[in-house]
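The structure displayed is predicted, hence computed values, not measured ones. Chain identifiers are assigned alphabetically (A, B, ...) following the order of the sequence lines, protein sequences preceding nucleic acid strands; residue numbering begins at 1 within each chain.
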Amino acid sequence: MIFWIIAALLAGLAGLWMALPFLRARSMEMSGAEGAISIYRDQLDEVDRDRAAGLISEAECEAARMEIERRALVAARHMDQGMAISTRAPVLAAGLTGLAAALVLGGYAWLGAPGAADAPLAARRAEALAAQAAAGDLGSRIQLLIERSQDDPESFETWWMLASSYSAIGDHASAADAYRHAVELAGDKPGVLSAYAEAMTLANGNKVPTAALVIFDKLAAETGDPRARYYLALARAQAQDFEGALERWAALARDSAPDAPWMGMVRRDIVNMARFLKVDVTESLPDATAAEIAAAGGAGAGPGGDLAARIAGLEVALAAEPKDYKSWIALAEARLQSGDEIGGAAALGQARREYAAAPFVLQKIDEAERALGLDLTAPAPARRGLDAEDIAAASALSDQEREDMIDGMVAGLAARLEEQPEDLQGWVMLVNSYRTLGKPSKAQDAHRSALRVFGGDPAAVAALERAVGAAP
Amino acid sequence: MKRAVMKPILISAVLLAMTGAPAHALDPNEMFDDPVLEQRARDLGRELRCVKCRNQSIFDSNAGIAQDMRVVVRERIAAGDSDEEVLEWLRERYGDYVLLNPRATGQTALLWLAPLGFLVLSGLGAGVYLYRHAGGGDAPDPALSDEDRARAQALLSGREKTP
Amino acid sequence: MSVELGHFALILALVAALIQSSLPLWGALSGSAAAMRVGDRAAQIQFLGVAGAFAALTWAYVVSDFSVLSVAMNSHSSKPLLYKITGVWANHEGSMLLWVLMLALFGLLISVFGGVIPAALRATTLAVQAMVGVGFYLFILLTSNPFERIARPPLDGQGMNPLLQDIGIALHPPLLYMGYVGFSTAFSFAVAALITGRVDPAWARWMRPWVLLAWSGLTAGIALGSWWAYYELGWGGFWFWDPVENASFMPWLIGTALLHSAIVVEKRNALLKWTILLAILTFALSLIGTFLVRSGILTSVHAFATDPSRGAFILVLLSIYIGGALCLYAWRANAIRDTGVFALWSRESGLLLNNVLLVSVTGIVFVGTLYPLALELYNGAKITVGAPYFNQTFLPVFAAIMLVAALGPFLSWKRARRADVLRRAGWVLGLSVAGTAGIALGFGLREPVGLLGIVISLFLAIATLADLLRRAGVPGAPIGTVLRRIIGMPRSAWGLWIGHGGLALAAAGVVAVSVWSAEEIQTVRKGEETAVGPYSFALIDIENTQGPNYQTSIAALRVTRNGELVTMLFPERRWYPVEQQPTTEAGIRTLWHGDLYGVLGDPDGRGGYVTRYYYNPGVPWMWAGGALITLSGLISLTDRRLRVGAPSARRSRRRATPSPVAAE
């Protein structure tokens with residue numbers, strides 16, 4: 001509507017402006033020849049100047065002057081042709097204004113898209129991000145929420161969603177930060193507080209920090225929040241009070257519905273703890289399954305021979321080819337099942353050394369450690385990634401050691417690409433690394449795998465061919 | 001070594017239509033060692049149109065087809081063809097279109113006669129005009145009466161306002 | 001809302017143009033002063049309308065509003081701001097909007113600065129100008145609407161051609177259009193003259209500034225386009241006789257003729273009918289140029305024949321305007337009488353000869369450009385008319401034009417003393433032949449065609465200089481007088497000398513680079529040297545780096561002459577991954593006598609690189625000549641006698657308000 005008001009106003013004003021001459025009391029235009037006369041004046045000046053400069057003779061000058069005078073007379077005669085006069089014509093003016101406005105508005109109504117809003121890209125960033133977020137891109141979702149939180153920092157909803165998105169991608173430190181804003185806005189809502197404390201814990205490498213402990217304590221006391229109870233138990237275990245931890249987890253399991261979402265985690269921890277303490281798991285978990293009982297090293301353990309053979313087989317295979325983190329994890333699991341706590345931790349420790357330069361694999365190993373409960377019970381220090389110290393150490397390594405380390409990095413890359421293949425740069429790096437390491441057949445395999453992954457994208461294939469082809 | 005065939009891209013119309021990487025325009029691998037033959041090949045290249053491009057000679061163009069044609073030209077030269085024979089050979093295969101310098105045939109008669117025609121026609125026009133008007137330049141101008149001259153001078157000096 | 005307001009403003013401009021094309025004309029014919037005055041106001045509204053539409057479209061490009069089809073097709077959010085803006089006219093719809101913006105601007109300028117022009121002539125001129133506008137507004141709104149919207153806008157646009165992201169090519173179209181469209185004023189004045197039946201020296205003077213402005217813009221536009229091709233496309237060429245180039249060259253050639261014949265009308269009241277015809281033809285060729293470029297017929301005759309909506313529309317407009325104007329000419333021209341008489345040996349004859357030759361070369365370019373199209377439409381035969389044809393037909397006639405340009409200033413108006421002219425021409429010829437001989441011996445040049453070209457260029461240059469000196473009183477006058485006279489020369493005289501001097505310079509450059517350029521193509525490794533003419537190019541190093549949106553290899557070339565370092569060149573070979581398109585950036589070093597020009601090609605895979613090295617003598621003269629020619633138009637434009645608000649003009653305005661009663 002506002003558009004049509006502006007449009008009508010503009011059309012009317014434009015029409016009126018054009019029609020204004022018809023509203024003058026009297027208009028008059030001379031068909032004057034003054035302009036023409038001034039030209040002849042200039043020409044006379046030029047003739048005089050040329051004469052003065054000696055470029056033309058006196059006779060030529062006189063002839064030119066006479067010709068110019070004759071033209072001036074002719075031009076002057078044109079002036080007699082009179083003038084144009086007109087008087088006020090309000091009807092004409094109104095008609096012109098009306099016609100112009102009607103034509104403009106009608107023409108626009110016919111051709112235009114009245115009401116179509118502008119869509120500058122800046123205003124559509126949200127839309128763009130939303131489209132990507134809807135397609136499952138958490139990064140876009142987070143970007144969107146960050147912007148929203150900047151626009152409206154008082155919105156609990158935004159901080160809450162931002163925090164859970166951060167949690168979903170595993171950025172627990174940012175999640176904790178976002179939860180903190182949510183807590184400030186929500187007051188003492190138990191759900192929010194416990195999520196905050198959990199994020200703090202996760203950001204702290206799954207060690208319950210004191211601040212979180214205070215919150216969990218309060219929540220457990222006031223509302224019996226299961227999450228608070230779970231983490232309080234975890235805190236016990238981390239404080240070496242393994243019996244206390246088991247007790248609390250068992251109590252939580254008793255108080256929870258069997259299909260509560262946290263039950264899987266609680267049961268896993270009970271099983272691990274029971275195995276470590278060498279107690280009967282059914283005491284803490286009356287409905288333990290046969291597999292759980294087996295995992296806890298209980299009576300129902302599977303045929304020991306099988307397990308021993310499996311362990312032996314894995315050990316042989318890993319001695320031949322140590323770059324196989326899945327086998328390492330399987331070995332740790334098997335050793336744990338056979339009651340060899342220290343052997344399980346050692347297997348993971350060995351895997352960590354093999355993959356010291358491959359953060360992706362290290363993360364996988366961390367996850368396995370967590371699932372097996374080894375992080376709580378085994379004393380092996382957790383190692384993450386490669387820090388400056390490692391690199392400094394690497395430079396002091398022998399050639400052989402350095403080569404091993406590089407092998408580990410490449411193997412880690414290969415492992416990551418297996419799970420996350422949509423990474424052109426990664427494939428190029430892998431192919432080139434294999435070549436550098438003198439493993440042409442592996443390079444070829446990797447090249448082929450990459451082509452399989454990117455087969456449908458000619459631009460990517462071209463880029464790959466360029467990069468790989470250009471490599472020595 | 002793979003060779004990218006650059007597709008001619010048509011830039012929007014006010015602009016010149018040009019092609020991708022001009023550095024492809026001439027590959028030294030194609031060239032003759034003999035400078036005389038090479039000069040002939042280049043001169044011929046300037047006479048032949050890259051059939052996919054807009055009025056570019058194959059010498060100037062970097063389209064894949066232009067390169068192919070340059071190779072053909074060199075093959076023909078190497079086979080001992082004269083310049084005329086090379087052009088004819090290409091004309092038979094690609095048509096008249098390939099010759100930047102169109103041959104004088106029945107259908108290009110107007111094209112080749114037009115320049116002369118323009119000169120003759122406009123020259124004639126100017127001649128007629130001069131014949132009619134130029135004679136007067138030598139005749140003395142008709143004199144103005146003293147009265148008229150005085151009025152004209154008054155006009156020109158701005159003393160007389162409106163007639 | 002701004003996009004829709006832009007669309008609305010464009011329609012407002014159309015309606016204003018409709019009113020401007022009818023009421024003032026009716027007023028001029030029926031003697032209604034008010035109706036005539038409507039023309040000025042409609043011109044203002046029309047300009048405001050298009051300017052608003054153009055601003056709205058530009059804004060849509062700046063903020064990447066992809067709900068506008070034209071923006072979605074031709075822009076991209078990651079383009080630098082400058083190229084977003086220049087992208088407005090780098091496509092069909094936007095460039096047509098620029099076209100009508102220029103048209104409306106020229107209409108507005110005529111209205112604003114046309115105070116000295118008699119009301120009836122001004123009103124009629126504005127009406128004709130608006131008639132042209134109406135057709136093109138309809139063309140834009142009905143076939144090429146830049147404000148077309150998309151219901152579901154994409155998240156990014158598709159326009160990323162890296163070749164177009166260059167300031168040279170970005171500024172080329174506006175200048176070119178200033179020329180193309182500027183000639184519409186000449187057309188409007190000519191048709192108005194036919195309608196009102198009034199053609200006299202004053203008419204020529206009122207028209208001439210607009211022709212000068214358009215012509216200068218066109219000159220600059222052509223030179224800029226050529227310069228862009230030279231440095232961006234990377235093989236040292238600058239003019240290809242491409243139909244698109246010819247489309248702008250034809251109006252320039254015939255516009256040059258118009259410029260000169262208008263002088264004859266102004267000074268001598270002769271060649272009136274001829275000048276009117278030239279004005280019509282000049283704009284006709286501008287329209288034909290627009291048609292060629294905008295209809296798509298050049299890209300493919302076939303595509304044009306199957307989807308002719310746009311092309312056919314322009315063709316119809318062309319027929320209406322040009323056919324209509326020519327019919328009017330046939331009907332009314334006989335009423336116009338030349339009164340100026342002149343002798344066979346006179347400035348008038350010289351300018352007439354210049355016109356004959358310029359029209360002939362225009363015709364040659366016209367036939368060479370359109371013949372293949374016409375033949376293909378006629379019987380499907382495909383032929384090519386390329387540089388060799390133009391070299392054989394265009395160049396000889398153009399050489400004659402330069403000779404006439406040299407001799408013209410020696411001829412005095414009305415009747416010249418033949419013996420004087422011949423004597424001076426003889427002197428100049430002697431000097432230029434001697435100069436050429438000196439150059440040939442000094443530099444060991446043999447090629448007869450090149451030397452002939454140098455003689456002609458020198459002939460024009462020396463003749464121009466001689467005319468300047470003679471007018472300043474050399475020989476004879478004391479030095480002080482000479483200097484005073486030189487300073488006091490009218491600007492239009494300077495226009496002549498600078499223009500002709502620029503032409504001589506540009507021609508010498510063209511001759512030099514065409515005949516004496518040295519070119520070497522080879523595969524080299526780092527450290528290898530190649531001799532190019534008197535220079536030696538060495539590839540020092542190649543560096544691969546990353547640009548903002550491209551990967552690039554930059555070569556370092558060292559150029560030496562007799563072992564002494566002349567310069568370093570840094571040609572680049574870029575790869576734009578998003579567009580999958582390579583470009584080259586030539587390394588160019590301009591010396592006063594020529595360009596050193598290096599191009600980096602592909603690696604050969606064995607450590608070598610294909611490189612192209614050039615020494616292009618004369619190229620800087622070519623650009624300087626182009627700049628001088630452009631400047632000459634602008635300098636003539638500032639001549640006091642053409643300048644708006646010159647004292648005499650102001651005097652006349654004051655006196656134009658006396659009693660309405662005629663004195664006689």
Side-chain angles (χ1 to χ4, degrees), chain A residues 3 6-7 10-11 14 17-22 24 27-43 46 53-56 64 71 75 78 80 82-86 89 96 100 103-104 107-108 111-122 124 128 131 459 462-463, chain C residues 1-5 7-8 11-12 14-16 18-19 27 31-38 41-42 45 60 63-67 77 116-120 141 145 147 149 153 155 200-202 205-206 266-267 269 412 414 471 473 485 490 577 580 641 646 648-649 652 655-656 660 662 664:
Chain A
F3 173 80
I6 296 176
L10 282 176
W17 178 252
M18 287 190 279
L20 220 52
F22 288 114
R24 291 266 165 75
S27 312
M28 186 194 69
E29 291 281 4
M30 307 273 297
S31 59
E34 258 310 311
I37 302 277
S38 72
I39 294 176
Y40 300 128
R41 271 189 209 119
D42 290 337
Q43 288 185 353
E46 194 173 330
L55 294 170
I56 52 176
R71 292 220 192 96
H78 271 297
D80 307 344
M83 63 202 74
I85 301 176
S86 56
L96 182 60
L103 278 176
V104 179
Y108 178 77
L111 290 168
D118 285 1
L121 197 61
R124 296 176 60 217
Chain C
M1 200 161 67
S2 70
V3 175
E4 289 305 312
L5 277 178
H7 197 173
F8 176 81
I11 294 169
L12 176 61
L14 165 66
V15 172
L18 273 171
I19 291 169
S32 161
M36 285 194 268
R37 286 186 182 165
V38 170
R41 286 158 175 272
I45 295 289
V63 302
S64 294
D65 187 338
F66 297 123
S67 70
S77 60
V116 288
I117 305 174
L141 286 168
N145 197 329
F147 293 106
R149 305 295 291 267
L155 282 172
D200 55 21
R205 167 173 307 185
W206 293 320
E266 186 183 328
K267 296 266 193 205
N269 207 22
S412 44
K414 203 169 180 185
R471 293 198 147 259
R485 277 189 188 159
Q580 292 286 303
R641 288 166 298 174
S648 53
S652 72
R655 271 179 290 160
E664 256 175 80

**Q.** Interchain contact, C:I117 with chain A, by part (heavy-atom threshold 4.5 Å)
**A.** neither

Q) Looking at CG of C:L141 and CD1 of C:I11, how far apart are the two atoms once the value is rounded to the nearest 0.5 Å? A) 5.5 Å

Q.
Test your reading of the model: is there a side-chain donor-acceptor pair from C:D65 to the backbone of A:D118, 3.5 Å cut-off?
A. no

Q | Max heavy-atom pair count under 4.5 Å with chain A, selected residue of C:L14, C:N145, C:V15 | A | C:V15

Q) What are the two closest heavy atoms between A:R71 and C:N269, and how far apart are they? A) NE-CB, 3.3 Å

(Q) Which one wins on heavy-atom pair count under 4.5 Å against chain A: C:S67, C:A16, C:P201, C:S412? (A) C:P201

Q: Against chain A, label C:R485 side chain, backbone, both or neither, depending on which of its atoms sit under 4.5 Å from a heavy atom there.
A: side chain

Q: Search all heavy atoms of C:I45 against all heavy atoms of A:M18 and return the closest pair with its distance.
A: CG1-CG, 3.8 Å

Q.
Between C:A60 and chain A, with a heavy-atom cut-off of 4.5 Å, which part of the residue counts as in contact: side chain, backbone, both or neither?
A. neither

Q.
Shorter than 4.5 Å, heavy atoms on both sides: which option in C:H7, C:E4, C:R37 has the most such pairs with chain A?
A. C:E4

Q: Quick one: closest heavy-atom pair of A:A113 and C:R149, and the distance?
A: CB-CG, 4.3 Å

Q) Highest number of heavy-atom pairs under 4.5 Å with chain C: which of A:A11, A:A117, A:A119? A) A:A119

(Q) Tell me the closest heavy-atom pair linking A:A7 and C:F8, and the distance in Å. (A) O-CZ, 3.1 Å

Q: Check whether any side-chain N or O of C:R41 sits under 3.5 Å from a backbone N or O of A:W17 as a donor-acceptor pair, and report yes or no.
A: yes

Q | Heavy-atom closest pair, residues A:P120 and C:V63 | A | CB-CG2, 3.4 Å

Q.
For chain C, which candidate among A:A116, A:G107, A:A100, A:G112 shows the most heavy-atom pairs at distances under 4.5 Å?
A. A:A116

Q) For C:M1, is it the side chain, the backbone, both or neither that has a heavy atom under 4.5 Å from a heavy atom of chain A? A) both

Q. At a heavy-atom separation under 4.5 Å, does C:F147 approach chain A through its side chain, its backbone, both, or neither?
A. neither

(Q) With a 4.5 angstrom heavy-atom cut-off, is it the side chain or the backbone of C:L12 that approaches chain A, or both, or neither? (A) both

